[in-house]
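The analysis underlying the following values was restricted to heavy atoms, covering all of them including side chains, and did not include hydrogens, waters or symmetry mates.
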Amino acid sequence: MTARWGAVFVCQGGGLERKAALLAASIRRRNGPAPQLVAAIPGPSAMWPRPTDATLAYLDRLNVRIEETENPIGEHYPIGNKLGCLAVAPKVDRCFFLDSDLLALKPVLAADLPIAAVAAKPEDRPGPWSDKRAWRRLYRWAGIPKWNRDDEIVTTISGHRIPPYFNAGVVGFDPASDFAERWLSWAKRIDPTTEIIHRHPWLDQLALPIAASEMGVKPERLDASWNWPAHHWLLEEPVRFAHYHEPAVIEEDPMLWTAFRELVDGDDEL
């Protein structure tokens with residue numbers, strides 16, 4: 001039987017809802033109706049604005065399920081909205097959390113789906129968490145055995161060898177596992193711990209390898225075609241997901257601009 005996949009992403013009022021609509025339209029264009037898609041919108045108590053009725057109607061036309069969620073970390077950490085998505089993720093063979101600022105440029109085939117309980121692309125380049133001493137303190141605090149050299153990864157852009165620090169714009173996981181619950185649990189534990197410096201706004205990225213290590217699994221390393229750093233590199237060929245971050249990047253990349261125009265020119269509502 002062919003493996004089924006789906007995705008969940010944040011859709012809240014303002015610029016993010018436009019990005020979410022564009023993401024959903026691009027997935028449907030490249031993958032058809034099969035992937036189960038869920039748009040997580042702010043629940044009644046959330047401080048963030050809800051998307052417009054027009055956006056919700058458009059997503060409904062694309063057969064995107066709408067689910068209300070809350071930020072389980074708190075309003076001080078807006079990126080925590082993505083962790084709220086996990087509770088409403090579709091129950092498929094392989095699920096992806098997707099940042100809203102992505103464009104799908106080619107199909108995700110069943111044979112391409114990651115196998116491990118969790119999969120993500122290595123971070124683009126070293127940042128505050130490229131310091132191995134900081135990672136050792138984090139692992140000691142968590143009571144998790146320190147990573148091995150084989151667990152280290154190479155950053156996508158700069159080619160630096162660093163601890164298992166992944167970009168969380170595209171995270172594949174097995175909904176049948178308890179990875180999602182562990183990821184959220186560790187994020188909640190790290191959030192108030194002042195001895196862990198630089199925990200904001202990287203909380204989700206710090207919790208990811210800790211949750212995987214607690215499970216006894218190594219995150220599968222996705223290549224750049226799953227989460228292309230379009231703000232750094234021009235596209236040379238279509239990729240599964242291009243991570244453009246800001247609309248100006250679409251204008252600057254000929255392949256992204258062409259894909260964008262194909263979507264909007266054929267869809268007045270979009």
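Remark: Arg240 qualifies as a cation-pi partner of Trp226 under the 6.0 Å distance and 45° angle criteria applied to the six-membered ring. Because its NZ or CZ atom is not both nearer than 6.0 Å to the ring centre of Trp186 and within 45° of the ring axis, Arg182 does not count as a cation-pi partner of that residue.
The residues Glu152 and Lys218 are annotated as not salt-bridged, no charged nitrogen and carboxylate oxygen being separated by less than 4.0 angstrom. Between Lys106 and Glu237 there is no salt bridge, since none of the side-chain N atoms of the basic residue sits less than 4.0 Å from a carboxylate O of the acidic one. Residues Arg199 and Asp191 are not paired through a salt bridge, judged by the lack of any N-O separation under 4.0 Å between the basic side chain and the carboxylate. Remark: Asp204 engages Lys82 in a salt bridge, criterion side-chain N to carboxylate O under 4.0 Å. With salt bridges taken as basic N to acidic carboxylate O contacts below 4.0 Å, one links Asp267 and Arg61. Using a 4.0 Å cut-off between a side-chain N of Lys or Arg and a carboxylate O of Asp or Glu, Glu67 and Arg65 qualify as a salt bridge. A salt bridge does not link Arg137 with Glu195: none of the charged nitrogens is closer than 4.0 Å to a carboxylate oxygen.
Following chains of ILVMFWY side-chain contacts shorter than 4.5 Å, one cannot reach Val38 starting from Val108, and the two form parts of different hydrophobic clusters.
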Q: Begin from the C-alpha positions of Gln12 and Asn81 and carry the test side chain to side chain donor-acceptor pair (under 3.5 Å) through to its verdict.
A: CA-CA 10 Å; Gln12 63 190 40; Asn81 288 349; 2.8 Å; yes
Before you tell me yes or no, could you show the steps for Glu17 and Thr55 under side chain to side chain donor-acceptor pair (under 3.5 Å), namely the whole-Å CA-CA distance, both residues' side-chain angles and the distance that decides it to 0.1 Å? CA-CA 7 Å; Glu17 69 181 289; Thr55 296; 2.5 Å; yes
Start with the C-alpha distance between Glu252 and Trp257, add both sets of side-chain angles, then the distance that settles side chain to side chain donor-acceptor pair (under 3.5 Å), and finish with yes or no. CA-CA 7 Å; Glu252 294 164 357; Trp257 179 250; over 6 Å; no
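Under the 3.5 Å distance criterion, the side-chain polar atoms of Asn31 are matched with a main-chain donor or acceptor of Ile27. No donor-acceptor pair closer than 3.5 Å links the side chain of Ser225 to the backbone N or O of Val239. In terms of modelled atom types and a separation under 3.5 Å, the side chain of Arg161 and the main chain of Arg149 share a donor-acceptor contact.
No donor-acceptor contact under 3.5 angstrom links the side chains of Gln36 and Trp5, judged on distance only.
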